[in-house]
Amino acid sequence: MKAMQLITTGAPGRFELRDLPAPQPAPDEVSVTVRACGLNHLDLWLESGGLPMPVPLPRTPGGEIAGLVATIGNAVTDWKPGDRVAIQSNLFCGECEFCQRGDESLCLRGELLGVSRDGGFAEQVIVPARSLVRLPDGLDFNTSAALTLAGSTAMHMLTNRTQVRSGDWVLVIGGASGVGSAAIQIAKQLGAQVISTASNDAKHSLARELGADAVVDSTDAHWPAAVRKLTNKRGVDLVVEHVGGAVLEKCFDCLARGGTIVTCGATAGREVKLNLWPIFVKQQRLIGSYGRNRTDIQTTLAWAAAGKFAPVIDSIFPLAEAAQAFAKLRARRVLGKVLVSP
Ligand SMILES: [Zn+2]
């Protein structure tokens, strides 16, 4: 089978389309024929060697997978060849205290598909059977792959790590990104008034099309003032943040009393300066969110199948051109999701 493997890290890294022997599943695993795999910032970190854990090379990246079960291990009973599936890319043990209560994203022995084992930029991928999620009828592979990681990350942030009440003001950072585009739609479904940030006209228009009630220009250094003005100086109840660094620091200037910032990423920097005074006086919260649980993926895909929201797909690259997909995302020349279709 063909696999696009990272040979040397860098920005850009060196990739090679390789012919590998078809992998065989262990007793509790299945092999999945990949029909579509989304590209994420996690893959860029892997490419550049920027992850805070060692990654043996070569490695096949890609965690946002939709496909068909190909072969099953001899202990697998719930799945059969031909089943249409998405994959929970936060691989989890299923046994620790957190997995037992359904919080797979807190697993003590968690691994990332496409980082600590080979992922979906390949014709086939091997995963534990417990990580599979059944695709709803009528949901196509591209839609699923475009939502499985980014969309369900937003679902986890907005419905698991925090709650949105009807009428709440929600600020979505980077509304044209994978997480941001899903977060705008989810927040609107939950009855929120949504403000999004965007860095150019095309992203501004997209955020509007997705349902944002207002969009502020993130290239203006004073964008938090625009958010305060839109809320009559009150500030927002919730900020959906996935960038980190100075952007996260500015989010506190947008936050109402009792408000919450939920964050799931740090592409703009992992260290921030916090002023504790407003946090305790205004009783605000900063909440971390990591990945998702299978229930978040199931909800996300069910909403998509019911037409409650849809991914924004920027482009679909053939497997042989996956390196160009990485370059496009790195250059931030994307509106929504970039997919690779083996
Ligand atoms: Zn576990």
Side-chain angles (χ1 to χ4, degrees), residues 23-32 34 37-38 40-43 45-46 51-56 59-67 69 71-79 83 85-120 122 124-135 144-145 147-163 178-179 182 242 262-266 270 286-302:
Q24 298 303 314
D28 66 339
E29 293 178 332
V30 301
S31 70
V32 171
V34 180
C37 183
N40 292 281
H41 276 281
L42 178 66
D43 301 304
W45 275 336
L46 175 75
L51 288 170
M53 71 277 259
V55 178
R59 173 62 78 222
T60 308
E64 194 166 27
I65 297 165
V69 173
T71 56
I72 61 173
N74 56 25
V76 174
T77 55
D78 301 343
W79 301 93
D83 283 345
V85 294
I87 296 171
Q88 157 65 302
S89 61
N90 278 58
L91 300 176
F92 57 97
C93 75
E95 293 168 352
C96 73
E97 62 167 306
F98 300 106
C99 284
Q100 286 199 5
R101 69 181 200 204
D103 281 328
E104 298 144 15
S105 55
L106 293 174
C107 178
L108 295 172
R109 293 186 284 278
E111 289 186 313
L112 292 172
L113 184 59
V115 175
S116 49
R117 57 191 280 171
D118 283 334
Q124 293 212 327
V125 63
I126 298 277
V127 293
R130 62 180 169 274
S131 65
L132 298 179
V133 174
R134 205 171 292 280
L135 287 193
S144 171
L147 287 172
T148 300
L149 198 146
S152 64
T153 296
M155 188 65 78
H156 189 66
M157 295 171 87
L158 286 156
T159 64
N160 177 296
R161 301 298 295 136
T162 61
Q163 274 75 44
V179 171
H242 50 95
V262 58
T263 183
C264 74
R270 294 176 191 166
L286 174 60
I287 292 181
S289 187
Y290 182 67
R292 71 216 57 80
N293 301 328
R294 272 175 305 173
T295 51
D296 299 306
I297 299 177
Q298 285 160 347
T299 305
T300 302
L301 299 180

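Counting starts at 1 for both ligands and their atoms, following the listed order.
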*So among Ile65, Asp118, Leu113, Val85, which one has a side chain to side chain contact (heavy atoms under 4.5 Å, CB included) with Val127?*
Leu113
*Tally of protein N/O/S atoms under 2.8 Å from the Zn ion (ligand 1)?*
4
_Can a side-chain donor-acceptor contact be found between Arg161 and Ser289 if the only test is distance below 3.5 angstrom?_
no
[X] side chain to [Y] backbone, donor-acceptor under 3.5 Å:
| X | Y | answer |
| --- | --- | --- |
| Gln124 | Ser31 | no |
| Asn293 | Ser105 | yes |
| Arg294 | Gln88 | no |

*Over all atoms of both residues, closest heavy-atom pair of Ser144 and Ala66*: OG-CB, 3.7 Å
